Amino acid sequence: MFAALLATLLVGCTARPKSSEPTIYVTIAPLKGLVKALVGEDFRVEMLLPSGASPESYEPSVRQYIAVNEADMVVSTGLIPFEQKLLRQIDKPQRIVELKQGIDLMAGSCSHPHHAHEGHAAHNHAHGTDPHIWTSPRALMQMSERLHEALLAHYPDSTHYTQNFNDLQSRIEALDQHIEERIAASGIKTFVIYHPALTYYARDYGLRQIAIEHEGKEPQARRIAELIQTARHEEIRTILVQQQFPTSSVEIIAEDTQATVAVIDPLAEDILAEIERITDLITRK
């Protein structure tokens, strides 16, 4: 498979030589933030998912298949479909670091439609495990621990990774405490979001997440009416929507409930800052 992809890429062009600069590839931006926090300037950290793209529908390029095989390490959650497809093509699996280990995974869906205008026939991917582990600080603690262990295993002579890890854990623990305090003080029990990207966050902090979309599709009129009723009953003041998703149904619900629409970015590189901002949006009155 990989040999065929390589041959395809080299037809009509010249292969670039492998960079001598040590490189770690990550699949999504939040993982880039974690890796850079631990390795500092020791590695060039490259991201596979382009900015603004949806991880649920992204298809890796042929060049990316080649790049990950040249990388010193490839860091992924191990849960997103494009990660699984890409990482099966890596010649040296020992270089793969999956950060899902040790996390109590939740059932769920990462459905999102491919649209015909993107060069694909319209269809959905639906999977049994919710992949959004990086949106909960308590999961991030375990993910950074797994990353730290992998770095020490691959580079045992590097002593500053442990100090960087300890600093990062302290930041995550402080955020965890901040979230607990904000939610307790607010009395908030429920929040509404377009795409259910905060499942682990909701579980870890005792909240109910209500998703507007259903299996990657816009809700029908009956579902919108139900959501409006629920939002009124729960006194929802803010509806969260990710920037790469449609907002038409969100705007209808917000108008009928006098709620504010807030755009969030669960794929932000500085995921700790974004989680803190999301917490402030959920708990504001």
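Note that this is a predicted model, so its numbers are computed, not measured.
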request  = Scan side-chain atoms only and decide if Ser76 and Glu98 contain a donor-acceptor pair under the 3.5 Å cut-off.
outcome  = no

query = Do Tyr205 and Ser136 get their side chains close enough for a donor-acceptor pair, meaning under 3.5 Å?
reply = no

inquiry  = Quick check on Gln220: does its CD atom have over 12 non-hydrogen neighbours (other residues, nucleotides or ligands) under 6.0 Å away?
reply    = no

query = Does one side chain, of Glu46 or Thr23, offer a donor that lies under 3.5 Å from an acceptor on the other?
reply = no

ask   = Is a side-chain donor or acceptor of Asn69 paired with a backbone partner of Gln89 at a separation under 3.5 angstrom?
value = yes

inquiry  = Quick one about Glu181 and Gln177 (side-chain donor to acceptor, distance below 3.5 Å, no hydrogens or angles considered), yes or no?
reply    = yes

key: No-hydrogen, no-angle side-chain donor-acceptor test under 3.5 Å, His160 and Asp42   = yes

key: Candidate pair Thr77 and Leu31, rule side-chain contact (heavy atoms from CB on, under 4.5 Å), full reasoning   = CA-CA 8 Å; Thr77 68; Leu31 304 189; 4.1 Å; yes

inquiry  = How long is the straight-line distance from CD of Gln242 back to NE2 of His195, given to the nearest 0.5 Å?
reply    = 6.0 Å

message = For residues 182-199, which residue pairs pass the salt bridge (charged side-chain N to carboxylate O under 4.0 Å, His left out) check, not counting sequence neighbours?
response = Arg182-Asp280

task = Determine whether the side chains of Tyr194 and Glu218 contain a donor N or O and an acceptor N or O closer than 3.5 Å.
result = yes

Closest approach of Thr283 to Ile188 (non-hydrogen atoms, all atoms of both residues) = CA-CG1, 4.0 Å

task = For residues 75-107, pull every pair meeting ring-ring contact (aromatic ring centres under 6.0 Å, His included), keeping only residues two or more places apart or in separate chains.
result = Tyr58-Phe82

Between side-chain atoms of residues 253-269 and protein atoms elsewhere (two or more places apart, or another chain), which donor-acceptor pairs fall under 3.5 Å?
unit_1	atom_1	unit_2	atom_2	d
Thr257	OG1	Ile253	O	2.7
Asp265	OD1	Leu267	N	3.1

key: Those residues that, when tested against Glu276, pass salt bridge (charged side-chain N to carboxylate O under 4.0 Å, His left out) (two or more places apart)   = none

note = Taken in chain and number order and not counting sequence neighbours, the residues that satisfy side chain to side chain contact (heavy atoms under 4.5 Å, CB included) with Ala273 are Asp270

Distance in Å, Met143 CE paired with Ile172 CD1, rounded so as to fall on 0.5 Å steps = 9.0 Å

message = Considering only residues two or more places apart or on different chains, which pairs with a residue in residues 228-239 satisfy side-chain hydrogen bond (donor to acceptor under 3.5 Å, both in side chains)?
response = Thr190-Glu234, Thr238-Arg284

query = Okay, side chain of Arg146, backbone of Lys100: is any donor-acceptor separation there less than 3.5 Å?
reply = no

inquiry  = Taking Leu99 as the starting point, is it possible to reach Met47 by hopping between hydrophobic residues whose side chains are less than 4.5 Å apart?
reply    = yes

ask   = Quick check: does any side chain N or O of His154 sit under 3.5 Å from a backbone N or O of Ala150, one acting as donor and the other as acceptor?
value = yes

key: His148 and Phe165 aromatic ring geometry - parallel, tilted or perpendicular at 30°/60° bounds   = parallel

